[in-house]
Structure formats: structure tokens, C-alpha cells
There are 2 protein chains.
Amino acid sequence: MFSKTCEYAIRAVIFIAQKTADGSRVGIKEVAAGIDSPEHFIAKILQDLSRKGIIQSQKGPTGGFYLDAQSRKYTLADVVHVVDGDQIFNGCGLGLKQCSETKPCPLHNEFKKIRDAISKMLRSTHLGEFSEQLEQKLVFLKR
Amino acid sequence: MFSKTCEYAIRAVIFIAQKTADGSRVGIKEVAAGIDSPEHFIAKILQDLSRKGIIQSQKGPTGGFYLDAQSRKYTLADVVHVVDGDQIFNGCGLGLKQCSETKPCPLHNEFKKIRDAISKMLRSTHLGEFSEQLEQKLVFLKR
DNA sequence: ATAATAAAAGATAAATTTGTCTTTTATTAG
DNA sequence: CTAATAAAAGACAAATTTATCTTTTATTAT
Ligand code: FES
Ligand code: FES
């Protein structure tokens, strides 16, 4: 469904949102450990998200990653879009170069429903909304 | 959503179903051209599907690929399962090693709905059911 | 039997994704 | 100002996916 990169990205962003809900920052090592991902790999991904403004970062001592008020308004759809592009939102499920209403693949109508369900879910999910459930260990970001 | 391999596989199987609805056979070159895929690549995939019994093949002159009565009862879910395994049917959408009801990821409940929709669609779609629409050029397997 | 045909199999290679290691840059505390 | 810290950047490597090319095997028609 998503690339590994994107899976890590979503988990990391949710993790950072929770860890920095109090205004603090969280280092890359703690993120990597918290979501069980390779440290330098998730670092690259976060650099990207940071450049695009989805998350914030600060170098040096006391530095780390965090989300500002603006970023807390972003949704998972924004994360997915930055990392995986819009294939999942608009691409043809059977791999035709471009999804088209006038020249549809055999599953076009079915795929459209599923794509829409995915889009809707991602667009309606904000980065910070799992903090409490994570705190209470009702949901998890690693096994 | 699916691997490139799986996309080709689905398109090829639908193509073969249509082309051989009359009991004939279709060669690998025609398949590759018909779905716009690399010839030797789709050949490997069809070998696999053939070994698994999802499609049939016959060597030599007048040989080619086709679907017997039994195979026409298979669904796209069978094809996807052979090619991509069961990640799409049961895997965690956020990449946790295993989806779990008792230790769910934050999106578990949402993903479950989507996975179920995909499963349902694939299980209810039989290989031959697009032949007529393809014939009438209402749907397409390449751009 | 023989030659022609077409899939099967095997080997190799390109491209992409995923992961690791090292160096550089910015920031802070002292 | 200096040393310590932590992200940013760059280079490289492994693994996987996707694609290509060649040889072998089975089957058919003549
Ligand atoms: S054409 Fe395939 S999903 Fe629209
Ligand atoms: S645990 Fe992630 S989908 Fe079930």
C-alpha cells in the first residue's frame, strides 16, 4: 500500500507529535528506537519532511524534531503525498500509465471507491490525534 | 497497492481470459503486446501462474496460454495471492511486522475496513467477467 | 524422423528501494 | 571563543524489484 519509507514516515510523525505535545523536542535516536526503524534512514526521511515544512527541526544541543502549531494541523494525507506522491490518491490500480474515466481499466470503478476511502481516511486524520491513545498504550508504533 | 509484477499478472490473466473464451490459445507475444508489458517479464509471471494452476499453458506449435473451465472460476484474489502473497489481505498498513488486534497500530481499525473492501472486491471478481466489456472497448488493459 | 514452433528455464543486468557509514554545518552551553 | 551536541548532507552498499537475453524442452505438422 505504502512504501517502507512512507510507513516509517507516518509512524515517525505520529511518534514526534506525541513526544513533543508539551513543546519539547525529540532526537533522531529516540525516534528511531521508538518506531523501530534504521536511524540514518529515518533521518533522511525526516530531513525531507522538515524541508517541506511538515515537521520542524532544530540543530545543536537541546535540538531535535518537533511539530509547531501549524504542523499539527497537517494530516497523514500530507505526509503520504510528500513521501509517496499521488499514486495512491489518483493512480490506476492496475498500473495503467494514468487513470482515466474515459478509458478505464476493468477495475476502475471499484478502485475509485477504495482510493476514495483511503483518501478520506488520510485526509481526516491529523498528526497529533493519537497522542493520548499512545500514552495509554492502547495503540503502538512498533511490535 | 500491488507490485508491478502483480499489476501485469492481473492484466495478463484478464487478457488471456478474453482472448481464449472461445477455447483457443494465445501466445506470449500477443499477451505482452495486449497489455503493454515486457515480453520476457510477463512470461516468467505466467510460468508461475501456470505452475500454480491459475492458468494453463501448452508448448509447441498451436500452443499458448489459456484458461480451462476450472481456472475461469478463480478470482483476482487468487492471482494476487499467488503473486504478492497476503500482505494486502492481512498485513499492517503501517508496516508493523504483523497486524494485531491486541497490539494495534493507530490506524488498525481504519486499515481493516479498507483491507476488507479490497479483499471483498478481489474475491468477488472472476477472471473472465470482463471479456464482453473488453470486446466492446468499454474497458482497456493498456493506454 | 525432421524441422518448426512456442513455452520453460537459466543467466545476467539495470533500476529502484532500503539501509549504513562518514563528514559537515548549525546551535548551544559554559 | 571553545567544546559538545545534534541535525544535514554526502557517499556508498546491500537487497529487492523489474527487465533483458540466451539456451533448453516439449509439442506439432509435415
Ligand atoms: S483506469 Fe485503472 S483505476 Fe482508473
Ligand atoms: S496493526 Fe496496523 S493494520 Fe492492524
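Hydrogens, waters and symmetry mates play no part in the numbers below; they use all other heavy atoms, side chains included. So you know, we letter chains A, B, ... as the sequences are listed, proteins then strands, and number each from 1.
Taking for each of B:Gln47 and A:Ile42 the nucleotide of DNA chain C with the nearest heavy atom, the 5'-most of the two is the partner of B:Gln47.
In terms of the side-chain hydrogen bond (donor to acceptor under 3.5 Å, both in side chains) criterion, B:Glu110 has no residue partners (sequence neighbours excluded). For A:Glu30, the salt bridge (charged side-chain N to carboxylate O under 4.0 Å, His left out) partners at least two apart in sequence or on another chain are A:Lys19. Partners of B:Gln70 under the side-chain hydrogen bond (donor to acceptor under 3.5 Å, both in side chains) rule, at least two apart in sequence or in another chain, do not exist in this structure. In this structure A:Ser131 satisfies the side-chain hydrogen bond (donor to acceptor under 3.5 Å, both in side chains) test with no other residue, sequence neighbours excluded. The salt bridge (charged side-chain N to carboxylate O under 4.0 Å, His left out) check on A:Lys97 picks up B:Asp36, with sequence neighbours excluded. With sequence neighbours excluded, the residues forming a side-chain hydrogen bond (donor to acceptor under 3.5 Å, both in side chains) with A:Thr20 are A:Arg72, listed by chain and number.
In B:Lys4, the NZ atom is crowded: over 12 heavy atoms of neighbouring residues, nucleotides or ligands sit closer than 6.0 Å.
As a whole-Å value, the separation of A:Lys29 NZ from D:dA6 P is 8 Å. Whole-Å rounding puts the B:Asp48 CG to D:dT18 C1' distance at 15 Å. With rounding to whole Å, B:Leu49 atom CG is found 15 Å from C:dA7 atom P. To the nearest angstrom, C1' of D:dT5 lies 15 Å from CD of A:Glu30. A straight line from CD of B:Glu39 to P of D:dT20 spans 10 Å, rounded to a whole angstrom. Atom C1' of nucleotide C:dG19 and atom CD1 of A:Ile35 are separated by 14 Å, given to the nearest angstrom. We find that OH of A:Tyr66 is positioned 16 Å from P of D:dA6, with the value rounded to whole Å. Rounded to whole Å, the distance from CD1 on B:Ile28 to P on C:dT5 is 18 Å.
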- line: Protein-proximity profile, nucleotides 21-30 of chain D, B/S/- by nucleotide at the 4.0 Å heavy-atom cutoff, equals BB--BBBB--
Can you give me the N/O atom pairs linking the protein to nucleotides 16-18 of chain C at distances under 3.5 Å, or say none if there are none?
unit_1 : atom_1 : unit_2 : atom_2 : d
C:dT18 : OP1    : A:Lys4 : N      : 3.1
C:dT18 : OP2    : A:Thr5 : OG1    : 3.1

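Residues in residues 91-122 of chain B take part in no ring-ring contact (aromatic ring centres under 6.0 Å, His included) pair, two or more places apart or across chains. Residue pairs meeting the ring-ring contact (aromatic ring centres under 6.0 Å, His included) criterion with at least one partner in residues 49-68 of chain A, sequence neighbours excluded, do not occur; the list is empty.
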Would you tabulate the side-chain donor-acceptor contacts of residues 39-53 of chain A under 3.5 Å, counting partners in other chains and residues two or more places apart, or write 'none'?
unit_1  : atom_1 : unit_2  : atom_2 : d
A:Asp48 : OD1    : A:Arg51 : NH1    : 3.0
A:Ser50 : OG     : A:Ser57 : OG     : 3.3

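Of the N and O atoms on the side chains of A:Ser71 and A:Asp68, at least one donor lies less than 3.5 Å from an acceptor on the other residue.
Remark: nothing in residues 82-96 of chain B comes within less than 4.0 Å of DNA chain C through any heavy atom.
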